[in-house]
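Below is one structure; the comments refer to it alone.
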Amino acid sequence: MRVERKDLLGIENLTRNEIEIILDTAETMKEISERAIRKVPYLRGKTVVNLFFEPSTRTLASFALAEKRLSADSFNLSGSSSSALKGETLLDTVRNLEAMKIDFVVIRHAMSGAAYFIAERLEASVINAGDGTHEHPTQALLDLLSLKERLGNIKDKKVLIVGDILHSRVARSNIWAFKKMGAKVSLCGPPTLMPYKIENMGVEVSYNLDEAIQDMDVIYVLRIQKERQRGGLLPSLREYIELYGITLERFENAKDDVVIMHPGPINRGIEIDPRVADGTNSIILDQVTNGVAVRMAILYLLSGGKSGEVSEA
Ligand code: CP
């Protein structure tokens, strides 16, 4: 089966069937990374630009590895080393790149909607690697794959997303993703960091973490995004830890088999105690491993690849 679209811009517009095709393809892509020679020819002759206007470790590295493992020609261009610093517009930047004959732009940008903006104007496929506070779809897909591996089906599982929901593109993509797959999604965080009318997305909202944590199957901890805070929204970090940190004491009050997730990078000792982040309930590094497979799957499917034909390579 194919994913009949040029771009991957968000989870909101993906169907459940498309998500399942991506996850099935990622499972077979994962096997390629276990081989002695981690390389297949699916993207031979294709050119990919990783255009990152914000810092990244996991997303940039895993896209770069995914492209190499699929035999694509690729390069990274960062905002701080491009002519954007000299005043070139985003549109001029990507039109100049397209003039050099490229097939994919993987873009991370501080402006919500940046990926949509360029996708409408380019023939190349665009993959959203995080746009402002809007969406981070490949993160949500790797999170779904990681949960599928740990829990099987997540239908009716209780998932709690904790922290700075207001600034989190990961939260927004994951609310769509978890709900499309049938999970029951709850949010907990400071009232100042909870978006207005977020309940309209079909989620429960609470502000008392000690109560919210009970009976949860999954606790998804968000990073405190210090770089996106505006004045007065965040209490002091000490107060944040006290009220919303996943401390060892809180973790011990959760279900024995609760699954702990975090998109990274972690502020150790702030939103999560290191002993919880590194404990046996945590699948944080599995999420990172699955990032490569999911990004391989997306590049393969958007280039016209068919799910089910991967293992024959
Ligand atoms: N989860 C995530 O997007 O991490 P990076 O910012 O390091 O890419």
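Read the numbers this way: they start at 1 and go in the same order the structure lists the ligands and their atoms. Values below: every heavy atom of this structure, side chains too, minus hydrogens, waters and symmetry copies.
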**Any donor-acceptor N or O pair under 3.5 Å, side chains Gln287, His262** =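 Side-chain D/A pair, Gln287 to His262: absent.
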Heavy-atom nearest neighbour in the protein, as seen from [atom], with distance rounded to 0.1 Å:
atom: atom 4 (O) of ligand 1; result: Arg58 NE, 3.0 Å
atom: atom 7 (O) of ligand 1; result: Thr57 N, 2.8 Å
atom: atom 2 (C) of ligand 1; result: Thr59 OG1, 3.6 Å
atom: atom 6 (O) of ligand 1; result: Arg108 NH1, 2.8 Å

Flag this pair as yes if the NZ/CZ of Arg121 is under 6.0 angstrom from the six-membered ring centre of Phe117 and inside a 45 degree cone about the axis; otherwise no.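 Cation-pi check for Arg121 and Phe117: passes.
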Requested in this report: May I have the step-by-step check of ring-ring contact (aromatic ring centres under 6.0 Å, His included) for His109 and Phe52, ending in yes or no?
Outcome: CA-CA 7 Å; His109 201 283; Phe52 276 58; over 10 Å; no
**Prompt:** Applying a 4.0 Å heavy-atom criterion (strictly less than), which segment of Glu54 is in contact with ligand 1: side chain, backbone, both, or neither?
**Reply:**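 Contact part for Glu54 vs ligand 1: neither.
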query = Going through the checks in order, is the side-chain hydrogen bond (donor to acceptor under 3.5 Å, both in side chains) test met by Asn290 and Ser146?
reply = CA-CA 7 Å; Asn290 286 332; Ser146 306; 3.0 Å; yes
- Thr59/Arg108 under side-chain hydrogen bond (donor to acceptor under 3.5 Å, both in side chains): CA gap, chis, key distance, verdict: CA-CA 9 Å; Thr59 312; Arg108 170 169 288 193; 3.0 Å; yes
Next on the checklist: Any atom of ligand 1 sitting under 4.0 Å from a heavy atom of Gly264?
Outcome noted: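 Contact present.
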side-chain contact (heavy atoms from CB on, under 4.5 Å), paired with Tyr220, selected from Leu160, Val162, Val170: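 Option passing the side-chain contact (heavy atoms from CB on, under 4.5 Å) with Tyr220: Val170.
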* Would you say ligand 1 has an N or O under 3.5 Å from any N or O of Pro263? ->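 There is such a contact, yes.
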